[in-house]
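Chain identifiers are assigned alphabetically (A, B, ...) following the order of the sequence lines, protein sequences preceding nucleic acid strands; residue numbering begins at 1 within each chain.
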Number of protein chains: 2
Amino acid sequence: MSATKVRPSSASAVPAEPPQPLDRVDRAILRQLQADASISNVALAAKVKLSAPACLRRVERLKASGMIRGVVALLDPKAAGAGMLVIIGVVLDRSTPESFAEFEKAAQKVDGCMECHVVTGEFDYFMTIRTRDSDSFNRLHAEQLLYLPGVRQIRSFMVLKEILSTTKFPL
Amino acid sequence: MSATKVRPSSASAVPAEPPQPLDRVDRAILRQLQADASISNVALAAKVKLSAPACLRRVERLKASGMIRGVVALLDPKAAGAGMLVIIGVVLDRSTPESFAEFEKAAQKVDGCMECHVVTGEFDYFMTIRTRDSDSFNRLHAEQLLYLPGVRQIRSFMVLKEILSTTKFPL
DNA sequence: CTTGAAATACTACTACG
DNA sequence: CGTAGTAGTATTTCAAG
């Protein structure tokens, strides 16, 4: 009981995560859990036409393998006081490793920062920030964004309408 | 049992969703569920220092009020065959209601489209698309993006490194 | 190696104080 | 909101394909 056992499907050694031996049932399970993970295991088992224990074992295997990163509650942005979404393009002063590292450390601490990515093209970073309204964004802009280290330029794209926002991957 | 009962805190009538009468315990519950919703109700109750039934009632109230939109499983992008993320800025030919509506309908059908928003600034839309690798993105670009209706220009920003990606709102 | 059936332990859920 | 009780589920054990 000391080590967690991973699927020894082939004889070769697999370090931590199996590539993706996903059969049809696994994909059906993942599709369901991506849409609604509050479903009970017995109901899930019925949907994928499996017995409850067999279904539960697959789910736990998918969790242990890292395929399922976690199960979380998604909140309504407006009700959570974060009804405004802003996408921000950032250009750094210098393209040095230190400059990037310093910026990344600071960017993650910006209130309401949901995403931050290094990108190709005319920007170095794209960030998405959730805040209450335009007033609170202006405050955040003046108090935090303008003080991010090593920044040459910041362009803000305010989101006027959210057409689509999902966490579901195609399977 | 015909109507769902909402919190009758004050005597006035509340249509469907109470604004946000969130006390400290509610916020603690939401913080926990945003981080990990696979926790059992008894464990959650212990964390927020409440009895199990009282905790469950709050959670169900938060769900009924729309504050909790849903509980979902988050998958590992790479393991799900969607290791590549691309942010796309779109400029439309004409800024007419018909043009916008037509584009939005088509954009949501693009394979792996995770987000699509109307924005201010030099672009009309920002989209984020998840795909397997650069080959599959090139295919998607040639087969789907170039055929989106009413598009004047598309700029692709490939994500080289994902610094931060969260679904948690600050509370 | 995976599945399915039965048995146990725990949890969610209801009614009441 | 908390306590107690009931119903249902999750989880283990074991046998079979």
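Taking the nucleotide of DNA chain C with the nearest heavy atom to each of B:R57 and B:E60, the more 5' of the two is matched to B:E60.
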Exercise. Check the pair B:V48 / B:R24 against side-chain contact (heavy atoms from CB on, under 4.5 Å), numbers first and verdict last.
Key: CA-CA 9 Å; B:V48 301; B:R24 219 188 176 297; over 6 Å; no
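Each ring pair (Phe, Tyr, Trp, His ring centres under 6.0 Å) pair with one or both residues in residues 80-112 of chain B, not counting sequence neighbours, appears once here: B:F100-B:Y125, B:F103-B:Y125.
What separates NZ of B:K49 from P of D:dG2 is a distance of 13 Å, to the nearest Å. Across the protein-nucleic acid pair, A:R58 atom CZ and C:dC1 atom P stand 15 Å apart, rounded to whole Å. Taking atom CZ of B:R61 as the reference point, atom C1' of D:dC1 lies 11 Å away to the nearest angstrom. The distance from atom CG of A:L44 to atom C1' of D:dG8 is 17 Å, rounded to the nearest whole Å. For the pair B:L56 CG and C:dT14 C1', the computed distance is 11 Å after rounding to whole Å.
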Pairs: protein N or O with nucleotides 5-11 of chain C N or O, under 3.5 Å:
none

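When side chains are defined from C-beta on, B:V119 does not count as touching A:M158, because their heavy atoms never get closer than 4.5 Å.
Which of D:dG2, C:dT2, C:dC13 sits closest to the side chain of B:L50 comes down to D:dG2. Across D:dT11, C:dG4, C:dT2, the shortest atom-to-atom separation from the side chain of A:A54 is found for C:dG4.
Between A:G89 and A:F123, the shortest heavy-atom distance links the atoms C-CD2, 3.5 Å. Nearest heavy-atom pair, A:V71 versus A:K63, reported as atom, atom and distance to 0.1 Å: CG2-CE, 4.4 Å.
Taking the six-membered ring where tryptophan is involved, the planes of B:F157 and A:F126 are perpendicular, since the angle between them exceeds 60° and thus also 30°.
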